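Data block below; observations after.
Residue numbers begin at 1 in each chain, while the letters A, B, ... track the order of the sequences. Predicted model, so just to flag it, every value in this text is computed and none were measured.
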Amino acid sequence: MPHPHSILTFAIMSEIKSLNFIEEVIEADLQTGKYKSIVTRFPPEPNGYLHIGHAKSICLNFGLALEYGGYTNLRFDDTNPVTEETEYVDSIKEDVKWLGFEWKNELYASDYFDNLYQFAVELIRKGLAYVDDSTAEEIAEMKGTPTEAGKESSFRNRSVEENLDLFQRMKNGEYPDGSRTLRAKIDMTSPNMHLRDPLMYRIKHAHHHRTANTWCIYPMYDFAHGQSDSIEKVTHSICTLEFIPHRALYDWFIEKLDIFPSHQYEFGRLNLTYTVLSKRKLLQLVNDGYVSGWDDPRMPTISGVKRRGFTATALRDFCDRIGVQKRENLIDVSLLEFCVREHLNKISLRRMVVFDPLKIVITNYPLMNEEMLRGEDNPEDANSTHREVPFGRELYIEQEDFMENPPKKYFRLSPGNMVRLKNAYIIRCESVIKDDSGKISEVLCTYIPESKSGSDTSGLKVQGTLHWVSIAHAVSAEVRLYDRLFRVEDPNSEEGDFKNYINPDSLQVVRNVYAEPCVANAKFSERYQFLRKGYFCLDKESSEDKMIFNRTVTLKDAWVKEQKKG
RNA sequence: UGCCCGAUAGUAUAAUGGUAGUACGACAGAUUUUGGUUCUGUUUGUCGAGGUUCGAAUCCUCGUCGGGCAACCA
């Protein structure tokens with residue numbers, strides 16, 4: 001008997017959570033007993049890197065299996081040897097794991113080449129497939145157009161025996177590439193172009209990343225995918241909208257072969273504002289040098305966002321929130337940023353780092369003195385650990401945190417005004433020192449000794465709190481600040497080349513920032529919030545003598561908004 | 001102008017013939033030793049026209065708009 005608690009939880013959950021259309025189908029299938037449990041698959045072609053569009057599919061396929069107690073196979077759709085490489089297989093496996101999912105079986109469409117060949121022979125025997133000697137051009141010509149019926153090939157009515165013989169000889173390598181194909185005999189007048197005698201096999205004398213030179217004929221996607229699903233007893237085969245017209249063919253092969261009836265369901269692929277998510281376009285960004293590589297932190301690839309500092313938790317949460325539907329969508333990238341911030345806020349260690357230093361001197365702080373102050377690592381954590389932050393007479397604050405003639409609502413440091421230095425004291429600006437050119441070289445302040453953080457008896461209230469770093473103790477680092485790669489909301493729908501809309505300022509490098517000492521102990525596994533600056537993580541290009549941090553995402557900033565209004 | 005898919009606030013997503021709700025965004029306020037976080041409030045929506053019905057976002061009809069389909073790619 002189930003624990004009463006879990007029943008309650010389930011009741012509440014099902015009341016709150018609404019089902020997407022695929023979940024509805026699955027629940028119905030489970031309820032009617034059509035399936036006892038479900039099997040899904042994630043079927044990438046190993047010809048490129050995964051991006052966050054794939055993440056949506058991964059979360060869907062693996063998430064469904066987890067939700068309903070089934071399992072998911074990772075199946076590489078490797079039916080085209082000329083585009084596929086083992087390097088991609090490895091990166092795909094790594095990315096799926098990083099996202100936090102485990103596949104039941106690691107499989108390859110190429111594992112089924114023998115089965116598929118037998119299936120083809122079977123269809124030939126049934127008079128449902130034939131070898132066509134037409135050229136690619138002739139086949140395209142005879143295909144007709146969406147508004148115009150196709151014409152039957154003159155090879156369409158070859159005998160079963162001849163087809164069997166020819167197909168075997170195709171397999172044996174007797175014919176050159178492109179000289180013959182195996183086609184399904186369906187209907188050249190079908191309004192669905194995919195049913196006009198689609199190609200099942202083509203000749204390619206090419207090396208395959210797994211089967212090497214065993215084969216010189218390779219099945220087309222349509223002749224491989226459904227049957228692969230069927231062999232694996234995939235119950236719910238989920239793909240994107242553009243495969244809708246393929247479904248009739250998917251079903252046709254399964255029906256004629258009389259094999260396990262897998263079913264295909266289609267959802268709308270992810271589109272993100274200010275982003276492109278097509279392999280072709282991402283490849284161009286890499287090849288044309290707009291980014292440093294597939295894992296450039298500005299790239300929407302899994303490896304890119306991972307290097308940027310996004311967490312798998314945030315990505316999964318994002319995929320959860322965007323939902324699943326049978327319609328086109330363009331998700332606002334601010335939702336992604338929200339998910340990333342929400343997670344990072346909970347786990348990041350707070351650190352103080354000054355990017356653009358302005359020297360301040362605490363004139364009433366004892367000469368040669370210094371002290372260690374305590375700073376919370378994470379105020380979101382009730383049991384937060386602490387680190388020690390050295391304080392001294394000479395400090396850096398940000399240039400932007402001081403103004404000689406401040407505008408209204410400026411809460412920061414200005415002559416005569418007081419601010420708190422985070423984790424330290426309240427200070428007052430007494431005067432400024434300028435160099436010959438009139439530029440402020442340092443700001444002279446006094447501090448209120450009894451205002452020390454944690455034991456403040458001053459009774460003073462100030463509006464601003466600044467981050468700072470002791471000049472004598474500061475450690476150096478480089479930070480890389482990223483902005484969106486495109487300057488228009490939907491680069492895919494703009495006129496002309498999408499590359500015309502690239503944001504020229506998507507990367508800003510600050511070679512030397514001043515960080516509090518404990519930043520020197522930064523770890524790759526940890527996430528940081530540089531106070532008031534954003535979330536950061538260590539970049540892989542960091543070395544022993546040079547730390548490099550990527551800005552994952554900024555903090556929300558009400559002040560910039562305020563300024564824009566003015 | 002053949003076939004297929006779709007249309008709910010700015011964006012995304014619920015409501016499955018019975019009060020149009022949620023999240024993000026935006027705006028306003030409270031709290032705050034991060035102009036962060038948190039909390040509260042406000043704003044804005046059923047593509048159009050008919051029909052069925054006591055009652056339609058939901059069902060039907062006709063439009064409109066968007067997307068897809070003519071690779072020996074997946």
With B for base contact, S for sugar-phosphate-only contact and - for none (protein heavy atoms under 4.0 Å), nucleotides 69-74 of chain B reads SB-BSB
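- As rounded to whole Å, 17 Å separates atom P of B:G36 from atom NZ of A:K346.
- Remark: A:K326 is not in phosphate contact with B:A7, judged by side-chain N or O atoms under 4.0 Å from OP1 or OP2.
- Note on A:L330: only backbone sugar-phosphate atoms sit closer than 4.0 angstrom, heavy atoms only; bases stay farther off.
- Contacts of A:Q325 with the nucleic acid, taken as non-hydrogen atoms under 4.0 Å apart, involve only primed sugar atoms and P, OP1 or OP2.
- In this structure, CZ of A:F267 is placed 16 Å from C1' of B:G67, rounded to the nearest angstrom.
- A salt bridge does not link A:E232 to A:R41: none of the charged nitrogens lies less than 4.0 Å from a carboxylate oxygen.
- Comparing B:U53 with B:C60, their P atoms are spaced 16 Å from each other, to the whole Å.
- Here A:K533 pairs with A:E398 in a salt bridge; the nearest charged N to carboxylate O distance falls below 4.0 Å.
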Given Watson-Crick and G-U pairs under 3.5 Å, RNA chain B in dot-bracket ([ ] crossing, | other strand) is .((((((..((((....[..)))).(((((.......)))))....(((((..]....))))))))))).....
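- Within 4.0 Å (heavy atoms only), A:Y410 reaches at least one base atom of the nucleic acid.
- Among the protein residues, A:R532 comes within range of the nucleic acid bases, having at least one heavy atom under 4.0 Å from a base atom.
- In this model, a side-chain donor or acceptor of A:E380 finds a partner on the base of B:G36 within 3.5 Å.
- Between the side chain of A:R420 and the base of B:U33, at least one donor-acceptor pair of N or O atoms lies under 3.5 Å.
- Remark: A:R210 does not engage A:D78 in a salt bridge, criterion side-chain N to carboxylate O under 4.0 Å.
- In terms of polar N and O atoms assigned as donor or acceptor, the side chain of A:R350 comes within less than 3.5 Å of the base of B:U34 in a complementary pairing.
- Distances shown here put every side-chain N or O of A:K461 at or beyond 4.0 Å from the OP1 or OP2 atom of B:U32.
- Remark: A:K533 is not in phosphate contact with B:U34, judged by side-chain N or O atoms under 4.0 Å from OP1 or OP2.
- Side-chain N/O atoms of A:R327 and base N/O atoms of B:G67 include no donor-acceptor pair closer than 3.5 Å.
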